[in-house]
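One structure is given below, encoded as structure tokens.
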Amino acid sequence: METIEKTLRNLVKEALANAFDHEADSIHIETPADKSHGDYATNVAMTLAGVFRKNPLDIARGIVAELPASDVVERVEVKPPGFINFFIDKHVLLDVIRTVLRDKHDYGKGEDKSEHVNIEYVSANPTGSLHVGHARGAAAGDSLARIMKKAGYRVTREFYVNDGGNQIAALARSIEARYLQLFDEDAPIPADGYHGEEIKEIARRIKSEHGDRFLTEDGHEHFRKFGVDHLMKNMKEDLAAFRVDFDIFASELTLYEKGEVEATLAKLEEQGLTYEKDGAVFLRTTLKDDEKDRVIVKSDGSYTYLLPDIAYHKNKLERGYDKLVDILGGDHHGYIPRLKAGGEMVTGKKGVLEVDILQMVRVIQDGQELKLSKRSGKAITLRDLIDAVGTDAVRYFFARHSLNTHMDLDLDLAMRQTNENPVYYAQYAHARICSIFRKAKEEGLPFDLGLADFKTLAGEKTFDLVEKLGAYPALIEEAAQKRIFHKIPAYIHRLAQSLHSFYGAVTVLASCERERSERLMLLEAVRIVIEDALGLIGVEAPDKM
RNA sequence: GUUCCGGUAGCUCAGGGGACAGAGCAAUGGCCUUCUAAGCCAUCGGUCGGGGGUUCGAAUCCCUCCCGGAACGCCA
């Protein structure tokens, strides 16, 4: 799609070549916050000041003098310290309305990047319920996946199920203890066990299904399988309610069963990347920028979690993705170097794995921090959040914050369904537009959304909206490329703000049909983009509120 | 001690080399006989943790110190 930005970029590129015989590789075009600085602006003259050893103002004037004529640009000006500001022809700006109405939810869609990205997120151990931290990761991963898909990447969303390790054995023993307790047996929860309510629930279900069968029979295998299945089912339900989807649930156990873990170990050993010390096998991750070598086979012969994790990433890469993105909790940051090292060793490729770290969430209630204790089973769960606050508000809340901020979630504030909650501001803008269309139909006011041009649309409020509609494609591209989804809610808010302001100043359902139609076209375009942008962060756009 | 995050308005957070530092909430004053007041309009509010440096230009980059969170296992 030929955007105004692209056009401007080409114009500047050409001017630079003519005026200074300079080949510019990247020209930054921005939309100034201050209207008096034009519809678009570039700082290219200032960035070239060092290169040319010239005053940026002179460079800017030189560029402007050589700027080819264009029917897009109405006026250009140079402002200190060296900005070039573009004022765009109003008809060109307004044309975005017809583009949005034509493309609908394809508006803002990026060109096919022919790059297949696998995003792994949540990947919670099936040993309990999803908690607030998982919720943040889920919201982040899902939003990123939607944004990247929109931007033109091929995206696979993946959840790694740790169903094969020690923690699952501990889960089985915890279930067993709860099961025995149901028969008044003295069975303490193991030291490394899990105390959550959901474990008791699992024990009750097993009892109602099998009675006292496992008092005499060894139930470990059944406890394990039933526990994992039950907990995974719960997690999937919670994630679905949170509008978080996955394409693949990858099983650690399956990696073992298919011999991929052993194969990975063998491959690493063959390559001479391991050595034995104190009866354990170490991987030479220091060859790849890790601070020390890591144990992959313990002296008792069992594997550390690193080995299956490497096998898993090897497995993912062999499925043909161009890039892997892992979204991990902040408590795993020390793990990144060895994971990347392992991935490199086993594939011989560097930089295919990127890790985004999400920082901790503090939950505040009654002005105090709620301590999350997973062992005691008293963590705030995703289900609690959905029930108390609602998916829309929680998704919007998480989406608003950059991944690496440590954030406070004030439960009391989040639960209030008032204008204190910013998600409603955006949703209300959408509902308001729907309401206007309902009203027009109720009143039997005719309008035409297929007009070929605009004769009556004018005014600052109109162009605020139009400019924001125009900025949408570049927003998608930037958010996807930098993987910073929190730009989306910020944009939604700005767009909603312009809409509300427009609404206050302009009567949309004007008595003149031409005016009415043009305004409704504008609002329908805004509605589409709000709905689309909300969709990118998993928030619904209600027709009425 | 080392590593990774963070410290910006009363609170929660954007901005992460460029034009006067922004938003929400909170506070103050206006606006519902007109398309939804979950709204609009206006006002108030900041030594960008401290100190050095680099730059035409620093909240942004570098150094250093202080404060908060996290991680530094043959746990996951």
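Note on naming: letters A, B, ... go to the chains in the order of the sequence lines (proteins, then strands), and numbering restarts at 1 for each one.
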If you measure from CG on A:L306 to OG1 on A:T285, what distance do you get to the nearest 0.5 Å?
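Between A:L306 CG and A:T285 OG1, I get 7.5 Å after rounding to 0.5 Å.
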Expressed in whole Å, how much space separates the [atom1] atoms belonging to [N] and [M]?
N: B:U60; M: B:G17; atom1: C1'; value: 6 Å
N: B:G24; M: B:A42; atom1: P; value: 12 Å
N: B:U47; M: B:C41; atom1: C1'; value: 32 Å
N: B:G49; M: B:C11; atom1: P; value: 14 Å
N: B:U55; M: B:A9; atom1: P; value: 30 Å
N: B:G29; M: B:C48; atom1: C1'; value: 30 Å
N: B:A71; M: B:U64; atom1: P; value: 25 Å
N: B:A37; M: B:G30; atom1: C1'; value: 13 Å

Distance criterion of 3.5 Å, no angle test: do you see the side chain of [X] paired donor-to-acceptor with the base of [N]?
X: A:T304; N: B:C74; value: no
X: A:Y305; N: B:A76; value: yes
X: A:H401; N: B:C13; value: no

Can you confirm if the NZ or CZ of A:K461 lies within 45° of the ring axis of A:F502 and under 6.0 Å from the centre of its six-membered ring?
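Cation-pi check for A:K461 and A:F502: fails.
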Nearest atoms (heavy-atom pairs only) where A:G227 meets A:L171
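Here A:G227 and A:L171 meet closest at C-CD2, 4.2 Å.
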Closer than 4.0 Å, any side-chain N/O of [X] to the OP1 or OP2 of [N]?
X: A:H486; N: B:G15; answer: yes
X: A:N166; N: B:A76; answer: yes
X: A:Q497; N: B:G24; answer: yes
X: A:K298; N: B:G73; answer: no

Opposite nucleotide pairing with [N], Watson-Crick or G-U, both atom distances under 3.5 Å:
N: B:U54; result: none
N: B:U2; result: B:A71
N: B:C32; result: none
N: B:C25; result: B:G10
N: B:C20; result: none

A:K461 side chain, from C-beta outward: closest of B:A70, B:A14, B:C41:
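Side chain of A:K461 sits closest to B:C41.
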What nucleotide among B:A19, B:A23, B:A14 has an atom nearest to a side-chain atom of A:T405?
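From the listed options, B:A14 comes nearest.
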Applying a 4.0 Å non-hydrogen cut-off, can you work out what A:G330 is touching in the nucleic acid: base, sugar-phosphate, or nothing?
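Sugar-phosphate only.
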If you look at every strand shown and take non-hydrogen atoms under 4.0 Å, does A:S302 touch a base, only sugar-phosphate, or nothing?
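Nothing, no heavy atom under 4.0 Å.
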How many Å lie between [atom1] on [X] and [atom2] on [N], as a whole number?
X: A:R432; N: B:U34; atom1: CZ; atom2: C1'; result: 13 Å
X: A:D289; N: B:C72; atom1: CG; atom2: P; result: 20 Å
X: A:D290; N: B:G73; atom1: CG; atom2: C1'; result: 13 Å
X: A:F282; N: B:G73; atom1: CZ; atom2: C1'; result: 11 Å

A:Y425-B:A38 aromatic stacking (under 5.5 Å, under 30°):
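Not stacked: fails the 5.5 Å / 30° test.
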Are side-chain N/O atoms of [X] and [Y] paired as donor and acceptor at under 3.5 Å?
X: A:D326; Y: A:H313; answer: yes
X: A:D464; Y: A:S498; answer: no
X: A:N315; Y: A:E260; answer: yes

Is the backbone N or O of A:G193 less than 3.5 Å from a side-chain atom of A:S174, with the two atoms forming a donor-acceptor pair by type?
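It does not hold such a pair.
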